Trainee: 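Below you will find the structure I want to go over with you.
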Amino acid sequence: MIEFWQNLHPVVQVVLKGLAVIMVIFPIGGACSMAERKVSAWIQGRPGPNRAIVPWISWIPILGPFLQRLGIFHVLADGGKMLFKEDALPGHVNKFYFVLAPIVAMIPALTTVTAVPFGAYLDQTGQIIPIALANVDIGLIAVFAVSSLGVYSLILAGWASNSKYPFLGGVRASAQLISYELSMTLSVIPLFLWVNAPGREATFGFARLVEFQSGSWGGITSPGWGGVWFIFIMPVSAFIFITALFAETNRQPFDMPESEADLVGGFHTEYGAFKWGLFFVAEYAHMVIGSGVFTLMFLGGWNPLPWVPLADLVGWLAQLAPILAHPIAVGLLSIGIFLGKVLALIFFFMWVRWTVPRFRYDQVMEIGWKKLLPLSIANLLAYAIGIALIQQ
Amino acid sequence: MGHLLFNVIALFTLIAAVGVVVNKNAVNASLCLLLSLVGVAGLFVGLEAYLLAFLLLLVYAGAIVALFLFIVMLLDTKGDARPTLNRLPAAARVLAVGLVGAGFVSFLTRGRLPEPDLTKVPALGADLKLYAYQLFTTYLLPVQILGFLLLIAMIGVIVLSKKFEGLEDIK
C-alpha cells in the first residue's frame with residue numbers, strides 16, 4: 001500500500017492529496033448548512049427539519065426513525081433540490097460576471113486549506129510531524145492573502161446583478177471585509193512575536209505555534225508554560241480574532257452583505273439554484289478554515305487538552321495497546337481531535353447567531369474602526385513590551 | 001519545467017497587463033489588473049520568493065484592487081465617456097511618442113540584465129528574517145519616509161472628508 005503510494009508520480013500524489021482534502025471540506029460545508037437549520041431549531045425550541053428519509057433506512061426499527069428526526073437526510077434532499085432546480089439567469093444581469101462570482105467564491109475558500117496543517121503523527125524518533133498539504137513557513141500570510149481574495153466574489157455578485165439591493169450588499173461587503181482585516185492581522189502578531197524568539201528561525205507557520213502549545217518548545221526556557229494554550233496567555237488577541245472572523249465570514253451579528261431584514265438577500269438576491277448553493281458552501285468552507293486557523297493558533301491544534309500534549313496521550317494509549325502508537329493511528333487520532341475542535345467552534349458560530357442581536361451598519365463600522373482597531377493596537381504594544389522584557 | 005512555467009506565467013501576466021490598458025470597461029480593466037498581479041505573484045513563487053508573492057497578493061490583490069473596484073462601481077463609469085485618442089492635444093502626442101521611443105532605445109541598448117549572482121539565490125525577499133532585517137537596517141530611512149508620507153496622506157483625507165462648521169474648528 002505504502003509502496004504503491006510512493007511509486008506514484010509526485011504530481012499525481014499532490015493531486016490525490018488535494019482531492020482528498022476537498023472531499024472532506026466540501027461535504028462538511030454541506031453538512032454545516034444542515035446543522036445550521038437543526039441547531040437554530042433546537043435553540044428556538046422547535047423540532048426543525050425531521051421529514052426526509054431514504055426508504056430502506058426507514059425499515060430499520062429504532063435507528064431509522066431516530067435518524068429521520070435528527071434530519072440528516074435533509075442534506076441529500078437539499079442538495080438534490082438545488083441541483084435539479086431550474087437555474088434561471090435574470091435578463092438584466094452582466095452574464096459573464098454573474099456566473100463568475102459563485103466560482104470566485106469557491107476558489108479562495110478551498111485554496112486556503114493548502115496552508116493549514118490539520119493533524120500530526122510521530123515518526124520513529126518520537127518527533128511530531130505535522131500533516132498538511134503544504135507545510136510552508138508563511139502559513140498565516142498565505143491564508144490571509146488567499147482568503148482576502150474572497151471579497152471579489154461579493155463585489156462581483158453585487159455589481160453584476162445590476163439591481164439596487166445586491167449592489168448595496170456588495171458595497172457593504174467590501175467595506176466590512178477591508179475594515180476587519182486590519183484588526184485581524186494585528187491581533188495575531190503577538191503570537192508570532194512570542195514564538196519567534198531571538199536565535200530561532202523566523203516563521204509564520206502554524207506548526208511552530210502548535211509546537212509551542214504542545215510544551216515541547218526548544219530554545220527559550222519558560223518554566224510553567226509547558227503545554228499552555230494561547231487562549232489563556234493572550235485572551236484579548238483571541239477575542240479580537242474571533243470577532244474579526246465573524247465579520248470576515250459574514251456571520252451574524254455581522255451579516256451586513258446579506259442583511260435579510262433590510263436588503264432581501266444582499267449580494268445573492270438575484271441568485272438561485274446551485275449558484276446560490278455555491279455561495280453558501282463557500283461561506284461554510286470559510287467558517288471551517290477560519291475555525292481551523294483559530295484552533296491552531298489559540299486552542300492547541302491537535303493537542304487533546306491544555307497541558308496535555310498529543311505525545312503524552314499517545315504514550316498512555318501505547319501502554320494500553322501498542323497498535324495505537326502506529327503512525328497511521330496517531331495521524332487519525334490527531335485529525336479527529338482537530339476536527340472535533342473545529343466542529344465545536346462551528347457550533348459556537350451558530351450559537352452566537354441566535355444569542356447576539358445583529359448590528360446596524362454604522363455600528364459595524366464603529367466597532368471595527370473605533371473599538372476593535374485601537375484595542376488590537378494597544379494589545380500589540382502591551383505584548384510587544386511584555387515579550388521583550390521576558391525574553392531579554 | 002521551470003522555463004515552461006515561467007513562459008506561461010509571463011505570457012499570462014503580459015496579456016492581462018495589455019488588457020488593463022485596452023479595456024474600455026473600467027471594471028474589466030481592474031479585474032485584468034488583478035489577474036496581472038496574480039501572475040506577478042506566480043513569477044515570485046517561481047523564484048522561491050514565497051514571502052514576496054503572498055505579500056503582493058495580500059496587499060495589492062486583496063486590498064488595493066478591491067478598493068479600485070469599489071470606487072469604479074460607486075462612480076459607475078461608462079467606457080464610452082472616455083475621450084478617444086485623436087482628440088488628444090498635440091503636446092501629449094509628442095510626449096507619448098517620445099516616451100515610447102525612449103523605452104525602445106533603452107530596451108535595445110541596456111535590455112540585457114546582468115548575470116545573476118548565484119550566491120545571492122534565493123533572493124533577499126525570500127526569507128522572512130532576512131527581509132525584515134534588511135527592512136530595519138539598510139532600508140530603514142525609506143521605510144520611515146514612506147510611513148511619514150502615509151501619515152500625511154491619512155491626515156489629509158481626514159481634513160478633506162470631515163465637514164467643518166466654520167474655520168474656527170480647524171484652528
Side-chain angles (χ1 to χ4, degrees), chain A residues 10-11 94 96-97 100-101 104 107-108 111-112 115 134 136-162 166-168 170-179 181-182 184-185 192 196 198-205 208 248, chain B residues 1 5 23 25-35 37-38 40-42 44-45 48-79 122 125-136 154 157-158 161:
Chain A
V11 175
N94 182 328
F96 178 69
Y97 290 125
L100 188 69
V104 173
I107 292 171
T111 312
T112 36
V136 284
D137 249 3
I138 44 161
L140 185 76
I141 295 184
V143 169
F144 277 174
V146 178
S147 68
S148 71
L149 298 181
V151 68
Y152 289 105
S153 77
L154 307 190
I155 302 181
L156 281 181
W159 180 76
S161 295
N162 193 18
F167 183 68
L168 281 174
V171 169
R172 285 182 178 188
S174 44
Q176 175 180 321
L177 262 61
I178 290 171
S179 309
E181 236 165 48
L182 289 172
M184 197 177 199
T185 317
F192 289 96
N196 285 318
R200 299 215 61 188
E201 198 190 331
T203 178
F204 268 119
R208 176 79 68 83
E248 292 283 315
Chain B
M1 185 75 183
L5 215 58
N23 252 314
N25 187 332
V27 173
N28 288 340
S30 355
L31 284 169
C32 280
L33 182 60
L34 174 67
L35 286 183
L37 285 169
V38 171
V40 175
F44 277 137
V45 169
E48 296 188 9
Y50 300 108
L51 181 68
L52 283 184
F54 281 107
L55 283 182
L56 190 78
L57 276 188
L58 183 66
V59 176
Y60 285 93
I64 291 187
V65 180
L67 281 179
F68 280 7
L69 262 184
F70 185 66
I71 301 297
V72 165
M73 286 173 184
L74 270 187
L75 297 179
D76 198 21
T77 50
K78 293 279 184 292
D127 180 56
L128 185 64
K129 201 164 195 170
L130 215 53
Y131 183 71
Y133 185 75
Q134 292 284 328
L135 220 54
F136 282 96
M154 199 169 77
V157 167
I158 292 171
S161 62

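All values reported here derive from a predicted model rather than from experimental measurement. Note on naming: letters A, B, ... go to the chains in the order of the sequence lines (proteins, then strands), and numbering restarts at 1 for each one.
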Trainee: Which bit of A/F167 is near chain B, if near means a heavy-atom gap under 4.5 Å: side chain, backbone, both or neither?
Mentor: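 The answer is the side chain of A/F167.
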
Trainee: Answer with side chain, backbone, both or neither: which region of B/L56 has an atom nearer than 4.5 Å to a non-hydrogen atom of chain A?
Mentor: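 Neither part.
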
Trainee: Examine whether an atom of B/V59 lies under 4.5 Å from a heavy atom of chain A, and if so say whether it belongs to the side chain, the backbone or both; otherwise answer neither.
Mentor: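 Interface part for B/V59: neither.
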
Trainee: To check you understand the geometry: which heavy-atom pair defines the closest contact between B/F54 and A/A142, and what is its length?
Mentor: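 Here B/F54 and A/A142 meet closest at CD2-CA, 3.7 Å.
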
Trainee: Mind running side chain to side chain contact (heavy atoms under 4.5 Å, CB included) on A/Y152 and B/V65 for me, showing each step along the way?
Mentor: CA-CA 9 Å; A/Y152 289 105; B/V65 180; 3.2 Å; yes

Trainee: Quick check: closest heavy atoms across B/G62 and A/S148, and the distance to 0.1 Å?
Mentor: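 The answer is CA-OG, 3.4 Å.
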
Trainee: Could you report the tightest heavy-atom contact between A/V151 and B/A66, atom names first, then the distance?
Mentor: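 For A/V151 and B/A66, the tightest heavy-atom pair comes out as CG1-CB, 4.1 Å.
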
Trainee: Does CZ belonging to B/F70 count more than 12 external heavy atoms closer than 6.0 Å?
Mentor: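 Counting neighbours around CZ of B/F70, more than 12 heavy atoms of other residues, nucleotides or ligands fall under 6.0 Å, so yes.
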
Trainee: With rounding to the nearest 0.5 angstrom, report the CG to CD1 distance, B/L31 to A/I155.
Mentor: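 Rounded to the nearest 0.5 Å, the CG-CD1 separation comes out at 9.0 Å.
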
Trainee: Are any non-hydrogen side-chain atoms of A/Y97 and B/V27 less than 4.5 angstrom apart?
Mentor: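 Answer yes - side chains close enough.
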
Trainee: More than 12 heavy atoms of other residues, nucleotides or ligands under 6.0 Å from CZ of B/F68: yes or no?
Mentor: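 At most 12 heavy atoms, drawn from other residues, nucleotides or ligands, come within 6.0 Å of this atom.
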
Trainee: For A/V171, is it the side chain, the backbone, both or neither that has a heavy atom under 4.5 Å from a heavy atom of chain B?
Mentor: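 Both backbone and side chain.
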
